[in-house]
Peer 1: 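Below is a structure I'd like to ask you about.
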Amino acid sequence: MASSSENPENTESFLRKRRGNPLAPDSVSHDSCSETAQDEDKTKYDKQVCESIQTGTYWLTRIALLRAIAFIYFVAFTVAYNQNKQLIGGKGLMPCKDYLRSVKRYVGGKIGTAALAYTPSVLWLMDWTDMDANLDGIALAGMALSGFVLIMGSANMIIMGILWILYHSIVNTQPVPNPMSYYLHHSPWWIHRFETFSNHFIELVVPFFTFMGRRMCLVNGVLQILFRPVALIISGNLSFLNWLTIVPSLACFDDAALAFLFRRSGGARQTLLKIQSEETAGHGPPATKGVLIRRVLNVSLGLLIACLSVPVVMNLLSSRQLMNTSFDPLRIVNTYGAFGSITKERTEVVFQGTMSVNHTGEGVIWEEYEFLCKPGALDRRPCLISPYHYRLDWLMWFAALQTYEQSEWVIHIAGRLLANDSTILSLMAHNPFQDREKPRWIRGEHFRYKFTRPGSISAAQGKWWIRKRIGPYFPPVNLDGLRNYFQSRNWPLPDTD
């Protein structure tokens, strides 16, 4: 994630501030030899000192980590900016204003510490008159700050804290397959066995390489990145989840290992060589009050994380282990378990509409809606969007594993489709009633999807999928029939104008 175009002055300032050294910048080469300026304007060189980046320091690693997390923040806030209004905005599928009001009632009708503890969000402190503007403001601020860190390669705890608070403030949601999923699905049996074995080995054994010296630590970093995140990124659209898991693995690489990511004549490498040469010569900066305070804060943070991790570890050892659970309102330490149990089949909900007055009559033609990415039309190639994320497509996969009574927002979508609502339709790839009359009925059909076999007749016809109808997911509905359903849940009636 580290860029080769770092700003020399900014990066050098960042490195020296982190080190606590106020020395002015010097010009040091990236290569095996460095040229040290001797005159005041640093434009003439009269001495060459053979020098290389030493192992065991992590100044460049910090820049790489910052840029990596900033990249993921930028993608996440971009997703929020493009989709929040449609999903949780004022006219969204599940307005966050309604959720915040329900939390407010639950904690006693006041916006105080209880409300902030239950749902930590800066939205509590904002005017709810125009919630769309609030959501856009949060997303744009996050994009601006993360973009700054990504480009400059530097940040402080204030910037990173603001990014965390902003993304935490967004009231949020089976991977969506990509083209490679098709081929990996049809891999020989021994490849799947190898995947299972390597996954267990890398998750349960390889992490201990971290404590076995520099070389084994580097091996750990390489294996963690290549065989887990990268392999999963290739195999499916898991949003930025697996991109995020790359970030901790970067800490396995020291400056010498990551130097290739930085421009040879760039300020970061020059400053690093200067710092290392000073420390080798025993001219490192003395411990200042600020350095000591930072050390105390680091130890305190470590102790805090250790304390918060106790219930997580106890849950891990429990026979009734909870998946995807947070044990504190700020979700600082959590249990991970995106796929605590793996389904062997993929089912999908397909929305269909008709303009027929009587949906039970003969000759009724049902036409299908298409989502942006999730499986639908049999001949549509799986999309490739990672690390971007279509949140509604993702949620539709979970809805297919439940009933519509458990996922009532599916009926909310049906009502919006009956009104040709542009807000919801902007999250879809195909509206069969575009520039036509509105559909009179909408229904949800439940299908079981499978990849076609390579070389089969279906594959030769250009089909990626075959499907079999399971049955109705929800019965045909119209606007009149949904009126009471919407009113009982305080949902606004779809605009039929």
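Heads up: numbering here begins at 1 and tracks the sequence. All values derive from a computational prediction rather than experimental measurement.
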Peer 1: Just by distance, do the side chain of K97 and the backbone of W128 share a donor-acceptor pair under 3.5 Å?
Peer 2: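 Answer holds: yes.
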Peer 1: State, yes or no, whether a side-chain contact exists between P472 and Y404 at a heavy-atom distance under 4.5 Å.
Peer 2: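 P472 does not reach Y404 side chain to side chain.
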Peer 1: I want to check something: taking the side chain as every heavy atom from C-beta on, are P439 and N420 in contact at a cut-off of under 4.5 Å?
Peer 2: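 The answer is yes, as the side chains (C-beta and beyond) meet within the 4.5 Å cut-off.
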Peer 1: Could you walk me through whether Q321 and T335 satisfy the side chain to side chain contact (heavy atoms under 4.5 Å, CB included) test, starting with their C-alpha distance in whole Å, then the side-chain angles of each, then the deciding distance to 0.1 Å, before giving a yes or no?
Peer 2: CA-CA 9 Å; Q321 186 179 132; T335 62; over 6 Å; no
Peer 1: Within a 6.0 Å radius of atom CZ on R469, are there more than 12 heavy atoms belonging to other residues, nucleotides or ligands?
Peer 2: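 Atom CZ in R469 is packed in, count exceeds 12.
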Peer 1: So, for S121 and S169, which heavy atoms are closest and what is the spacing to 0.1 Å?
Peer 2: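 Looking at all heavy atoms of both residues, the closest pair is OG-O, 2.8 Å.
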Peer 1: Would you check if T452 and Q461 make a side-chain contact, meaning some heavy-atom pair closer than 4.5 Å?
Peer 2: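 Answer no - side chains too far apart.
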Peer 1: Start with the C-alpha gap between T119 and W124, add the side-chain angles, then the distance that decides, and say whether side chain to side chain contact (heavy atoms under 4.5 Å, CB included) holds.
Peer 2: CA-CA 9 Å; T119 303; W124 290 114; 4.1 Å; yes
Peer 1: I need the L301 CG to I332 CD1 distance, nearest 0.5 Å.
Peer 2: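 Result: 8.5 Å between the selected atoms.
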Peer 1: For N484, does its backbone N or O pair with a side-chain atom of S488 as donor and acceptor, under 3.5 Å?
Peer 2: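 Confirmed, S488 side chain pairs with N484 backbone.
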Peer 1: For L100 and M131, work out which heavy atoms get closest and say how close.
Peer 2: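 Looking at all heavy atoms of both residues, the shortest contact is CD1-CE, 4.3 Å.
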Peer 1: Kindly indicate whether the side chain of L66, heavy atoms from C-beta on, has any atom under 4.5 Å from the side chain of M152.
Peer 2: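 No, side chains not in contact.
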Peer 1: Does V357 offer a backbone N or O that forms a donor-acceptor pair with the side chain of W441 under 3.5 Å?
Peer 2: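 Pair found, side chain donor or acceptor close to backbone of V357.
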Peer 1: Closer than 4.0 angstrom, basic N to acidic O: yes or no for E368 and R380?
Peer 2: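 No salt bridge links E368 with R380.
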Peer 1: Indicate, with yes or no, if the rings of Y390 and F371 have centres closer together than 6.0 Å.
Peer 2: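 So the answer is no for these two rings.
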Peer 1: Of the non-hydrogen atoms in E408 and W491, which two are nearest, and what is the gap between them?
Peer 2: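 Shortest heavy-atom contact: O-CH2, 3.3 Å.
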Peer 1: Is there side-chain contact between L258 and Y58, with at least one heavy-atom pair below 4.5 Å?
Peer 2: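 Side chain of L258 against side chain of Y58, heavy atoms only: no contact under 4.5 Å found.
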Peer 1: May I ask you to check whether over 12 heavy atoms, not counting those of I457, lie within 6.0 Å of atom CD1?
Peer 2: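 No, CD1 of I457 has 12 or fewer neighbouring heavy atoms, counting only those of other groups under 6.0 Å.
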Peer 1: Main chain of D127, side chain of N134: is a donor-acceptor contact present, judged purely on distance under 3.5 Å?
Peer 2: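 Side chain of N134 to backbone of D127, a donor-acceptor pair under 3.5 Å: yes, one is there.
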Peer 1: Between R436 and E367, is there a side-chain N and carboxylate O pair less than 4.0 Å apart?
Peer 2: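 Salt bridge present between R436 and E367.
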Peer 1: Students often mix this up, so state it plainly: with edges at 30° and 60°, are the rings of Y449 and F447 parallel, tilted or perpendicular?
Peer 2: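 Because their plane-to-plane angle is over 60°, the rings of Y449 and F447 count as perpendicular.
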Peer 1: Spell out, as yes or no, whether a donor-acceptor pair under 3.5 Å connects the side chain of N478 to the backbone of R440.
Peer 2: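 No, N478 side chain to R440 backbone: no donor-acceptor pair under 3.5 Å.
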Peer 1: A side-chain contact here means heavy atoms from C-beta on lying under 4.5 Å apart; do F327 and V333 qualify?
Peer 2: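 They are not in contact (no side-chain heavy atoms under 4.5 Å apart), so the answer is no.
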Peer 1: Return yes if some donor-acceptor pair links the side-chain N/O of Q224 with the main-chain N/O of I246 below 3.5 Å, else return no.
Peer 2: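 Pair absent, no side-chain N/O of Q224 close to backbone of I246.
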Peer 1: So F201 and F209, would you call those rings parallel, tilted or perpendicular, with 30° and 60° as cut-offs?
Peer 2: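 Rings of F201 and F209: perpendicular, as their planes differ by over 60°.
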Peer 1: Does the cation-pi check pass for R489 over Y485, that is, NZ or CZ under 6.0 Å from the six-membered ring centre and within 45° of its axis?
Peer 2: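 Yes, R489 lies over the aromatic ring of Y485.
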Peer 1: Aromatic rings F351 and F474: how do their planes relate, parallel, tilted or perpendicular, breaks at 30° and 60°?
Peer 2: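 Judged by the thresholds at 30° and 60°, the geometry between F351 and F474 is tilted.
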Peer 1: Evaluate the ring planes of Y473 and H446, with Trp represented by its six-membered ring, and classify them as parallel (under 30°), tilted (30 to 60°) or perpendicular (over 60°).
Peer 2: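 Rings of Y473 and H446: perpendicular, over 60°.
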Peer 1: Give me the ring orientation class for Y106 and Y118: parallel if the planes are under 30° apart, tilted from 30 to 60°, perpendicular past 60°.
Peer 2: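 Geometry flag for Y118 against Y106: tilted rings.
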Peer 1: Please give me the minimum heavy-atom distance between F240 and I72, naming the atom from each residue.
Peer 2: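 Between these two residues, the closest heavy atoms are CD1-CG2, 4.0 Å.
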Peer 1: Looking at the rings of W464 and F451, which for Trp means the six-membered one, are their centres under 6.0 Å apart?
Peer 2: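 Centroid distance W464-F451: not below 6.0 Å, so no.
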Peer 1: Do any N or O atoms from the side chain of S309 and from the backbone of V312 form a donor-acceptor pair under 3.5 angstrom?
Peer 2: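 No.
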Peer 1: Would you find a donor on one side and an acceptor on the other, under 3.5 Å apart, between the side chain of D393 and the backbone of C373?
Peer 2: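 Yes: the side chain of D393 pairs with the backbone of C373.
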Peer 1: For a 4.5 angstrom cut-off between non-hydrogen side-chain atoms, does L163 reach F77?
Peer 2: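 Answer yes - side chains close enough.
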Peer 1: Kindly say whether M355 contributes a backbone atom to a donor-acceptor pair with the side chain of E437 at under 3.5 angstrom?
Peer 2: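 Such a contact is absent between E437 side chain and M355 backbone.
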Peer 1: Using the six-membered ring wherever Trp is involved, compare the ring planes of H168 and W164 and label them parallel, tilted or perpendicular (cut-offs 30° and 60°).
Peer 2: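 Ring orientation of H168 relative to W164: perpendicular.
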Peer 1: For the CG atom of L261 and the CZ atom of R263, what is their distance to the nearest 0.5 Å?
Peer 2: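 The CZ atom of R263 is 13.5 Å from CG of L261, to the nearest 0.5 Å.
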Peer 1: If I take atom NZ from residue K450 and atom CZ from residue R346, how far apart are they, to the nearest 0.5 angstrom?
Peer 2: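 K450 atom NZ to R346 atom CZ measures 14.5 Å (nearest 0.5 Å).
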Peer 1: So, taking the atom named CG in L392 and the one named CD in Q86, what distance separates them when rounded to the nearest 0.5 Å?
Peer 2: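 CD of Q86 is found 10.0 Å from CG of L392.
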Peer 1: Return the CG to CD1 distance between D132 and I88, rounded to the nearest 0.5 Å.
Peer 2: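 It is 9.5 Å, given to the nearest 0.5 Å.
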Peer 1: Is the shortest heavy-atom distance from the side chain of I159 to the side chain of V149 under 4.5 Å?
Peer 2: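 In short, these two side chains touch, coming nearer than 4.5 Å.
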Peer 1: Would you indicate whether Q406, at its atom CD, is surrounded by more than 12 heavy atoms from other residues, nucleotides or ligands within a distance under 6.0 Å?
Peer 2: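 Yes, enclosed.
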Peer 1: What's the verdict on side chain to side chain contact (heavy atoms under 4.5 Å, CB included) for K438 and L479, showing C-alpha distance, side-chain angles and the deciding distance?
Peer 2: CA-CA 11 Å; K438 299 179 181 68; L479 283 175; 5.9 Å; no
Peer 1: Are any side-chain N or O atoms of R416 and backbone N or O atoms of G92, one a donor and one an acceptor, separated by less than 3.5 Å?
Peer 2: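 At least one qualifying donor-acceptor pair exists.
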Peer 1: I would like to know whether L493 and Q487 meet side chain to side chain contact (heavy atoms under 4.5 Å, CB included); could you show each step before the answer?
Peer 2: CA-CA 8 Å; L493 294 175; Q487 290 177 343; 4.2 Å; yes
Peer 1: Of the non-hydrogen atoms in T354 and I365, which two are nearest, and what is the gap between them?
Peer 2: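 Heavy-atom minimum between the residues: OG1-O, 3.0 Å.
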Peer 1: Over all heavy atoms of both residues, which pair between L218 and A257 is shortest? Give the atoms and the distance, please.
Peer 2: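 In this case the closest contact between L218 and A257 is CD2-CB, 3.9 Å.
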Peer 1: Distance from R214 atom CZ to F253 atom CZ, nearest 0.5 Å?
Peer 2: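 Result: 10.0 Å between the selected atoms.
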